[in-house]
There are 2 protein chains.
Amino acid sequence: MAGIKDVAKHAGVSVGTVSNVINHPDMVSEETRKRVRAVIERLGYVRSESARHLRAGRSRIMALLVLDMGNPFFVDVARGAERAARQAGLGVMVCNSAQSPDEEADYLGLFAEQRVRGVLLTPADASGRNIEAFRRHGIPFVLVDRVAEGTTECSVSVDDVLGGALAVRHLVDAGHRSIAYVSGPAGLHQVRDRRQGALNALAEAGLPPEALRELPTEHLDVAAGRDAGSRILGLAQRPTAVFCANDLLALGVLQTMYAAGVRVPEDMAIVGYDDIEFAAAAVVPLTSVRQPAVTMGAMAAELLLEETESEDHEHRRVVLQPELVVRRSSLPAR
Amino acid sequence: MAGIKDVAKHAGVSVGTVSNVINHPDMVSEETRKRVRAVIERLGYVRSESARHLRAGRSRIMALLVLDMGNPFFVDVARGAERAARQAGLGVMVCNSAQSPDEEADYLGLFAEQRVRGVLLTPADASGRNIEAFRRHGIPFVLVDRVAEGTTECSVSVDDVLGGALAVRHLVDAGHRSIAYVSGPAGLHQVRDRRQGALNALAEAGLPPEALRELPTEHLDVAAGRDAGSRILGLAQRPTAVFCANDLLALGVLQTMYAAGVRVPEDMAIVGYDDIEFAAAAVVPLTSVRQPAVTMGAMAAELLLEETESEDHEHRRVVLQPELVVRRSSLPAR
DNA sequence: GCACCGCACATGGCCGGCATCAAGGATGTG
DNA sequence: CACATCCTTGATGCCGGCCATGTGCGGTGC
């Protein structure tokens, strides 16, 4: 592959001049510039980002580590982050921890080796140990979909307590008094906050916390939802409504209900979370708590850029608002 | 951030020795090794991949450029590629061309600057101009979900002609004589091959090509499917079945039919393509042509590794077989 | 006692860019 | 004509690792 030296040789100039043609074109006379540009074109020369990085001491890559690339919600987050990053001339490396702390640790190590400009992180490790270890490298990061504790770094999140409250308040208003909460892995903050919101909504309505029955699942995908659905069907005193920690779980629950002949929403109301595109296209269009995913990704990237670009950066915690989208899966039986 | 020199200084050895502790541990005495390792740990030293890359002349990153990250099919491809790459100690940079030739060109430029080890590519530019330009850089690439022409590079694909034939043969067997083909962007090879398969199936059954009515859409997503659904409803001599170039389109069509009160499959049969997880969870479980997406991603990564790792690599064109998964959306009316 | 050998570690060059500074040529000015 | 100034270009060093080559030292054999 052609290097800057080859270009210099063919154009009959020094490497410094070639470098200037690329980075400071107005420092070079038009004639020389043209000649060098022609050679660059002819040889197909592309500057080496590694060498630039080494020299400049800062990378032009930003990393995004999400919990689950199979979840369209995170795909939207990635979209937003990518847009913001590329506007600033940075590339984004999107990786998937698949909710595994080990994978997360692996990737964080990879990012440290790459000396990425910064990391947008949806933490998979509730213990915070991975984050703690990563902090030592001095690579800035922004927490996504999770509030930072203290003021050690920036975060962009959605008010999960409010989201949980919106969902359950809606169900309570529709007359439900026994609600299952399919929660996903117990360790995740989002899951805990949404439960808290749900409990708040129950308390508001004067209902006891026992009205909410939590069913944890190992993963946050459709298969886990199907499994949770079966468990709900097996419960003594079957609840009349299900609130799921995300739409994938909700779709799984819905599928199980449908297959078992349990009518939704007449016999079982369902509310999901995230409002992914498929929620509207489900067997029964799914009521869901919408999160501004693209905005979240974009804001996270912007916060990171601000942190690494500007002199005086103060860590911020941005909290966005969720919104309930009511569809047929939770409408009161007529 | 700590560099190898800092480690050397703190451990009282030379940089070469530190390098050897990391890369050739058996060349260093145990005592020195221990001491150096302790310092590495204490300082949180991580070697710089940029510097290694520069020195070694080869990167440890592989790129994957997909047509649409919003499509779970490509998420599966990414999963497979990632697994294979990481097994070989490489990282994967997943990017999304969103079917835009311009974005594709942008990303290919980025990859050239990064001097990635190679690129796994689902081409968005039917003209082949982007590929042509990229080839000059000498970075190896493998075509994914598309057969390579000639023997200039490797490819992994699924037999789209067969897939299209499977879908339409199934519909013809069920008695359909007028079938719409919601095809997506006309430029994509997959789309053209699936149509060819569909036409083959019609010919087999002694039906004229006019029995297939093609409805192109700009994108391959749910929204485009909804739009196509409306167009189908507006057709004079409405077809009795729809074959969609992917499941997202099919879900969109299904949604439109459902909203308009057209019964599926009684009034309109629908067959999708890809068999994404959501296909089974749709309003009416979707018949679909399953592609081995994870395998495809993994094989592509392996081909690329073989090409860059081994001495004598011959370009290969791997073609995998699709499989029809029949669900309710296409079952004959009783 | 001397030559030789191997081990453990040190040293210097190099990868490919970019910035800094110096040098050279053209032009303007007194 | 001498000298200053500006504009353009060239030479050099450095970023952070890794590799090839040195170097010093203790042990061994004759």
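Residue numbers start from 1 in every chain, and the chains themselves are labelled A, B, ... in the order their sequence lines are given, proteins ahead of strands. None of these values were measured; they are calculated from a predicted model.
For B:Asp160, the salt bridge (Lys or Arg N to Asp or Glu O under 4.0 Å) test picks out B:Arg194, with sequence neighbours left out. In this structure, the side chain to side chain contact (heavy atoms under 4.5 Å, CB included) partners of B:Ser155, at least two apart in sequence or on a different chain, are B:Leu143, B:Val147, B:Ala148, B:Arg317. By the salt bridge (Lys or Arg N to Asp or Glu O under 4.0 Å) test, B:Asp76 is found to be paired with B:Arg79, residues two or more places apart in sequence or in another chain being considered. The salt bridge (Lys or Arg N to Asp or Glu O under 4.0 Å) test applied to B:Glu306 returns B:Arg316, not counting sequence neighbours. Remark: A:Arg60 engages A:Glu49 in a salt bridge (Lys or Arg N to Asp or Glu O under 4.0 Å) (not counting sequence neighbours).
From one end of the helix from C:dG1-D:dC30 to C:dG30-D:dC1 to the other, with five pairs defining each end axis, the axis direction shifts by 60° (rounded to 10°).
In the region residues 7-28 of chain A, proximity to DNA chain D at under 4.0 angstrom, judged on heavy atoms, holds for A:Gly12, A:Val13, A:Ser14, A:Thr17, A:Val28. Residues from residues 34-61 of chain A placing a heavy atom under 4.0 Å of any atom in DNA chain D, listed by number, are A:Leu54, A:Arg55.
Protein atom CD1 of B:Ile4 is 14 Å distant from nucleotide atom P of D:dC15, rounded to whole Å. For A:Gln114 and D:dG17, the CD to P distance is 13 Å, given to the nearest whole Å. The separation between A:Arg33 atom CZ and D:dT8 atom C1' is 12 Å, rounded to whole Å. With rounding to whole Å, A:Met1 atom CE is found 15 Å from C:dC15 atom C1'. We find that CD of A:Glu31 is positioned 14 Å from C1' of C:dA26, with the value rounded to whole Å.
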Show me, pair by pair, the donor-acceptor contacts under 3.5 angstrom made by side chains of residues 111-121 of chain B, not counting sequence neighbours?
from, atom 1, to, atom 2, distance (Å)
B:Glu113, OE2, A:Arg47, NE, 3.2
B:Arg115, NH1, A:Val46, O, 3.1
B:Arg115, NH1, A:Arg47, O, 3.4
B:Arg115, NH1, B:Ala112, O, 3.0
B:Arg115, NH2, A:Val46, O, 2.8
B:Arg117, NE, B:Ser59, O, 2.8
B:Arg117, NH1, B:Glu309, OE1, 3.2
B:Arg117, NH2, B:Ser59, O, 3.0

Scan the side chains in residues 67-75 of chain A for donor-acceptor partners under 3.5 Å anywhere in the protein, sequence neighbours excluded, and list what turns up.
from, atom 1, to, atom 2, distance (Å)
A:Asp68, OD1, A:Gly70, N, 2.8
A:Asn71, OD1, A:Phe73, N, 2.9

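A:His53 is not listed as a side-chain neighbour of B:His53, based on a closest heavy-atom distance of 4.5 Å or more.
Heavy atoms of B:Arg115 sit under 4.0 angstrom from primed sugar atoms or phosphate atoms, though from no base atom.
The salt bridge (charged side-chain N to carboxylate O under 4.0 Å, His left out) analysis of residues 121-133 of chain A, with sequence neighbours excluded, yields the pairs A:Glu132-A:Arg135. Within the structure, the salt bridge (charged side-chain N to carboxylate O under 4.0 Å, His left out) test picks out the following pairs touching residues 80-101 of chain B (sequence neighbours left out): A:Asp106-B:Arg86.
Annotation: the span from B:Met93 atom CE to A:Met93 atom CE amounts to 7.0 Å, rounded to 0.5 Å.
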